[in-house]
Amino acid sequence: MPGSPRASAGLPAVDNERIARVFEEIADLLELEVANPFRIRAYRNAARSVRGAESSLAALVLAGEPLPKLPGIGEDLAEKIQVISRTGTCPLLERLHGEVPAGQTELLHLPSIGPKRVRLLHQELGIDSLQDLQAALGNGRLARLHGFGPRLLTQLATALKARSASERRHLQPDARAQAEPLLRFVRGLEGVTDAQVAGSLRRRRDTIGDLDIVLCAEDASRVMATVLDYPPISEVMASGETRSSVRLDSGLQVDFRIVGRQSFGAALQYFTGSKAHGIALRRRARERGCKLNEYGLFRGDERLAGETEEGVYRALGLPWIVPELREDSGEIDAAERGALPHLVELRDLRGDLHCHTRDSDGSNSLRDMALAAQRLGWEYLAITDHSQHLNIAHGMDAERLARQLDEIDRVNEELDGLTLLKGCEVDILADGSLDLPDSLLERLDIVVGAVHGYFRLSAAQHTRRILRAMDSPWFTVLAHPTGRLLLERDAFAVDMRAVIRHARQRGCFLELNAQPQRLDLDEHYCRLAKEEGVLVSIASDAHRVFDFALLDYGVGQARRGWLERGDVLNTRSLAQLRSLLQRSR
DNA sequence: GCCGTTTTCGGCCCGACTGTTTTCAGTCG
Ligand SMILES: Nc1nc2c(ncn2[C@H]2C[C@H](O)[C@@H](COP(=O)(O)OP(=O)(O)OP(=O)(O)O)O2)c(=O)[nH]1
Ligand SMILES: [Mg+2]
Ligand SMILES: [Mg+2]
Ligand SMILES: [Zn+2]
């Protein structure tokens, strides 16, 4: 078997993500066997729970330590986690693979195709894969199938043609760029009194599946007709009185929901999600003898709330919960106890600890970056160009960096209110050594260490590599700690708890890289860093002056990770920052 | 499969849109 999951050197090859994917795969296969829907849900909930777990579960298993109590993980699933941790799979998954034709999960992921239709395709036409379906679409046999009307057939044809495009998720800037003109359009429509973005974009998730837009209007069906006139709409997938799903020319799906004024808050709550958060609220309503839906909170026929979100939460005995926290990962409990965090905000940041200039792969001069930062009212900006190993980015050798340090001294002379810090984004080499000599590193205010290559090391090797880098007395911040590139490259395998604990021990910090294709640390690791008492640097990694605006994406992610002002390194004043960066050398 | 100020069985969120359904199943948000 390629990539044997067996652990080497005490660290597991199976990370939480892999365990979660096994549970999701089981859920898909159970769905195809038309199993008990609640059992299927249990596996999907388990996947979510494992993703949110703060420790590497396989690491605990291999160390013989007990698993923490995780929501939705009972006796049976805990046992399965043990087995998956050791083998990368489990008997149930293997059995299901033997029973369900291999291509059927792909079919299940097509729009409007669920387990019953997959079964029908199999039984009536022997279709078990995307290729089979493609062929059947071509020769007209599909149309004879019960429930396969013309609308569904066009939808399937589109989905098969642009499969990769339609299944693809989107980065926030892309989603935002398409949401803005759309919002302008619908807000200008007659009868529309309010329109808000909901869904994952409002929750500021790292990637966005589709746009979810709630509109407030009394005459829903008339307004819906005008909404569908939005020129970039290429396909109307479903359209009724109060909700529609469309696809834009770009391939992005948009879901619209229209409700009246007295339901707008309830609809916004419903459509913002997350699904798990919404279900948890509905369960809570039920426990209190009420019913919560997108129209309001009701006791019998009596409407208790619905006009505003705040009113809905209040009527459920809760303070309003910011969208970023709505993942059913402890926020309802915290709200109930009055213990919601006061999340960090963009305006709390007093500077940025990671940026580039023309001296490596940036587009603007050092001076222009400094002046732009000064205009933002910041107290400090660390200049952190690449080191020599990254020659693709014109990384600097010792001599060029030394010249840059002189330049920083000169620019600092003319700056007003802003202080440039001397830094470098130093490559962490494969063996964990740093890419510049100590004689130079010791002259820097901040050393941002980064992994830019050798991603295929094992978790054990990566962890050793990073711990060793932190052992350098000059190392201060670990940049983009998992190396992930959203929609392109997974995080590399690493024992993040060990990294974070070592950072605390060594007086180092972790970065939350705000580039929207990174957002690395993710929200789960942010919570872990907070729990372990390691400050996070929310950093733009700007390569041009406009990139400082990207910090807001980082703040969004930090908020999803429950970070408060005190948990963030660059909310500190320059004096506080300097003393934090001054390690016991 | 999970879970319990309704506890160890019997629940598990609730509603819109589509199709050929004439009273509802399938899929999705
Ligand atoms: N009550 C309830 N609400 C749901 C359900 N499915 C979705 N929703 C609500 C919560 C979601 O956040 C919202 C939008 O649905 P989406 O499928 O677009 O999910 P979301 O935007 O959260 O993530 P995405 O990035 O689009 O995949 O609709 C459900 O099964 N029950
Ligand atoms: Mg969405
Ligand atoms: Mg949606
Ligand atoms: Zn960088």
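These figures come from a predicted structure and were not determined experimentally. Numbers restart at 1 for each chain; the letters A, B, ... are given by sequence-line order, proteins then strands.
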Residue-phosphate contact under 4.0 Å: A/Arg286 side-chain N/O, B/dC14 OP1/OP2: yes
If you look only at pairs with a residue in residues 33-49 of chain A, which of them pass as a salt bridge (Lys or Arg N to Asp or Glu O under 4.0 Å), with sequence neighbours excluded? A/Asp28-A/Arg44, A/Glu31-A/Arg44, A/Arg48-A/Asp328
C1' gap between B/dT20 and B/dG26, integer Å: 14 Å
How close or far is atom C1' of B/dG1 from atom CZ of A/Phe38, stated in whole angstroms? 11 Å
Is A/Ser239 touching bases, backbone alone, or none of the nucleic acid, heavy atoms closer than 4.0 Å? sugar-phosphate
Going by the ring-ring contact (aromatic ring centres under 6.0 Å, His included) test, which pairs reach into residues 182-208 of chain A, not counting sequence neighbours? A/Phe185-A/Tyr230
Restricting to pairs with a member in residues 172-192 of chain A, which pass salt bridge (Lys or Arg N to Asp or Glu O under 4.0 Å), not counting sequence neighbours? none
Going by side chain to side chain contact (heavy atoms under 4.5 Å, CB included), name the residues that satisfy it together with A/Pro173, two or more places apart in sequence or in a different chain. A/Leu171, A/Pro516, A/Tyr553
Ranking B/dC12, B/dT27, B/dC17 by distance to the side chain of A/Asn36, first place goes to B/dC12
Heavy-atom donor-acceptor pair, A/Tyr270 side-chain to B/dG29 base, under 3.5 Å: yes
Roughly how far apart, to the nearest Å, are B/dT5 and B/dC13 at atom P? 16 Å
4.5 Å side-chain heavy-atom contact, A/Val197 and A/Asp212: no
Can you check whether A/Tyr270 reaches A/Leu292 side chain to side chain, under 4.5 Å on heavy atoms? no
Which residues pass the side chain to side chain donor-acceptor pair (under 3.5 Å) test with A/Ser234, not counting sequence neighbours? none
Side chains of residues 117-126 of chain A: which donor-acceptor partners sit under 3.5 Å, not counting sequence neighbours?
residue  : atom : partner  : partner atom : Å
A/Arg117 : NH1  : A/Ser112 : O            : 2.6
A/His122 : ND1  : A/Asp128 : OD1          : 2.8
A/His122 : ND1  : A/Asp128 : OD2          : 3.2

Tell me which residues in residues 39-54 of chain A lie within less than 4.0 Å of DNA chain B, going by non-hydrogen atoms. A/Arg39, A/Arg41, A/Ala42, A/Tyr43
Is a donor-acceptor pair below 3.5 Å formed from side chain A/Arg282 to base B/dC14, judging by atom type as modelled? yes
Name all residues meeting the side chain to side chain donor-acceptor pair (under 3.5 Å) criterion together with A/Asp255; count only those two or more places apart in sequence or in a different chain, and write none if there are none. A/Ser245, A/Gln253
Which part of the nucleic acid does A/Pro37 contact within heavy-atom distance under 4.0 Å: base, sugar-phosphate only, or nothing? nothing
Would you mind telling me which of B/dC17, B/dG29, B/dT27 lies closest to the side-chain atoms of A/Thr242? B/dC17
OP1 or OP2 of B/dC3 versus the side-chain N and O atoms of A/Lys69: is any pair under 4.0 Å? yes
Which part of the nucleic acid, if any, lies within contact of A/Leu77, taking any heavy atom under 4.0 Å across all strands shown: a base, the sugar-phosphate backbone alone, or nothing? sugar-phosphate
Write down the partner of B/dC12 under the Watson-Crick or G-U wobble criteria, each distance required to be under 3.5 Å. B/dG1
What protein N or O atoms touch nucleotides 19-23 of chain B N or O atoms at under 3.5 angstrom, if any, and at what distances?
residue : atom : partner  : partner atom : Å
B/dT20  : OP1  : A/Gly147 : N            : 3.1

What residues, two or more places apart in sequence or in another chain, satisfy side chain to side chain donor-acceptor pair (under 3.5 Å) together with A/Arg484? A/Asp206
May I ask you to test the A/Ser329-A/Arg527 pair for a side-chain heavy-atom distance under 4.5 Å? yes
Does A/Arg119 have a side-chain nitrogen or oxygen under 4.0 Å from the phosphate oxygens OP1 or OP2 of B/dG26? no
Quick one, which residues of residues 288-298 of chain A touch DNA chain B with a heavy atom under 4.0 Å? A/Lys291, A/Leu292, A/Asn293, A/Glu294, A/Tyr295
Can you check the distance between B/dC12 and B/dC17, where both ends of the measurement are the P atom (answer in whole Å)? 24 Å
Qualifying salt bridge (Lys or Arg N to Asp or Glu O under 4.0 Å) pairs with a residue from residues 330-342 of chain A, counting only residues at least two apart or across chains: A/Arg284-A/Glu336, A/Asp333-A/Arg337
Roughly how far apart, to the nearest Å, are B/dA16 and B/dT21 at atom C1'? 16 Å
May I ask you to verify if any side-chain N or O of A/Ser244 is less than 4.0 angstrom from the OP1 or OP2 atom of B/dC17? no
Just to confirm, is there a sub-4.0 Å distance from OP1 or OP2 of B/dG29 to any side-chain nitrogen or oxygen of A/Gln253? yes
